[in-house]
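Here the structure is a predicted model, which means the values were calculated and not measured.
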Number of protein chains: 2
Amino acid sequence: MRRTRFDDAFCPIARVTDLLGDWWTPLVLRDAMYGITKFEDFQQELGVSRAVLSARLVRLVDEGLLDKIPYQDRPVRHEYVLTEKGRAAGDVLAAMWRFGEDHMWEGDDQPLVELASRTTGEQVRPLVVDEATGERVELDRLKLRRRR
Amino acid sequence: MRRTRFDDAFCPIARVTDLLGDWWTPLVLRDAMYGITKFEDFQQELGVSRAVLSARLVRLVDEGLLDKIPYQDRPVRHEYVLTEKGRAAGDVLAAMWRFGEDHMWEGDDQPLVELASRTTGEQVRPLVVDEATGERVELDRLKLRRRR
DNA sequence: CGGAGTGAGTCTGTTTGTTGAACTCACTCC
DNA sequence: GGAGTGAGTTCAACAAACAGACTCACTCCG
């Protein structure tokens, strides 16, 4: 029996879960954000099995988050680079970063690393707001309605 | 061999992946955001197997995203309600919503539902910004550094 | 020319996880 | 006394993930 798929669900969260919910997928995407492009580099960085990595990269290319671009012939070698859609998925990872930073360390412990701007050097702390008002989003306080 | 765990990774994204990356988990949390509290209601809404639902709820309670509160004796019945930490995880779901809304429908198709404020009735579109500057976060443009 | 090295996978046997369906248990309601 | 309900647990079949070995097409070094 196939694992239940959500890729044609009416709900955006379900469709994204279908795409990013496979084990290892968010970490592959994260490493792509950090500039990793080659199969071997993903594999060594993550320690994932080569078979699983191969399957994840194929999916991400199929879904349009990564482009697979040949950068030499004889033998053919590829690099995997983020597409526009792939970069947009960075917002989900950024939200995960913030939630993890705030809630996944016990007591006074904090993660050893932080995000910072390459230009100003200031620390960056992702926050989810409403685009129109700039106010924090609280999902449990919103309602769902049919789009008009 | 156990599926590789990321719950003690140095990276916040990896730890959150460990927590939310199990199949069905984001959807359980989403339904909790929409106000579902009872086992049977989750099961019927999602169509997930009862065994998996049971395991996911146990994990979410263990991790402190849900509280399991008895609301009657004889027989004991519980409701699962979001904790503060659980509501905070809503930001990740909101970012998923936005990415899904923008990128998971083909061509001119759009999801049939949208998020709206309960108070003003205005549509809400989650956006990930830097808390300090209010500017959009582009994860692939940031750097990682050791926290000082 | 021969052998080591490398990038990008595929293959294999075993262990874990997911699925749908049936089953349990402790009740309540008629 | 029997049907119904809420909240699970158990089961066997199937899918996915694991570590490690293997393949293939090259290049580089001596």
Does OP1 or OP2 of D:dC18 have a side-chain N or O of B:Thr4 closer than 4.0 Å? yes
In residues 39-57 of chain A, which ones come under 4.0 Å of DNA chain D, going by heavy atoms? A:Ser49, A:Arg50, A:Val52, A:Arg56
Quickly work out the B:Glu79 CD to D:dG8 P distance and round it to whole Å. 13 Å
Side chain of B:Arg3, heavy atoms from C-beta onward: which of D:dC18, C:dA8, C:dG9 has the nearest atom to it? D:dC18
What distance do A:Glu45 atom CD and A:Asp31 atom CG have between them, rounded to the nearest 0.5 Å? 5.0 Å
Report yes or no: is the cationic atom of B:Arg30 (NZ for Lys, CZ for Arg) under 6.0 Å from the centre of the six-membered ring of B:Trp97, at an angle within 45° of the ring normal? no
Over 60° means perpendicular and under 30° means parallel, so classify the ring planes of B:Phe6 and A:Trp23, tilted if in between. parallel
Could you state the CZ-C1' distance from A:Arg77 to C:dT6, rounded to the nearest angstrom? 7 Å
Tell me the closest heavy-atom pair linking A:Leu142 and B:Arg118, and the distance in Å. O-NH2, 3.4 Å
According to a strict under-4.0 Å criterion, is A:Tyr80 in side-chain N/O contact with OP1 or OP2 of C:dG9? yes
Side chains of B:Phe99 and B:Met104: closer than 4.5 Å at any heavy-atom pair? yes
Find out whether B:Arg3 and A:Trp24 are in side-chain contact, i.e. whether some heavy atom of one side chain is under 4.5 Å from a heavy atom of the other. no
Does A:Arg141, at its CZ atom, have more than 12 non-hydrogen atoms belonging to other residues, nucleotides or ligands within less than 6.0 Å? no
Heavy-atom pair of closest approach, residues A:Asp130 and B:Val124: OD1-CA, 3.7 Å
For the residue pair B:Leu115 and A:Lys143, establish whether any side-chain heavy-atom pair is separated by less than 4.5 Å. no
I'd like to know if the side chain of A:Ser54 reaches the main chain of A:Arg50, judged simply by a donor and an acceptor atom lying under 3.5 Å from each other, with no hydrogens or angles considered. no
Take N1-N3 plus N6-O4 or O6-N4 for Watson-Crick, N1-O2 plus O6-N3 for G-U, both under 3.5 Å. Which runs of 3 or more such pairs involve DNA chain C? C:1-30 with D:1-30
Got a second to check how far B:Asp67's CG is from B:Leu82's CG, nearest 0.5 Å? 9.5 Å
Numerically ordered, the residues 9-38 of chain B set in heavy-atom contact under 4.0 Å with DNA chain D is B:Lys38
To the nearest angstrom, how far is A:His78 atom NE2 from C:dG9 atom C1'? 11 Å
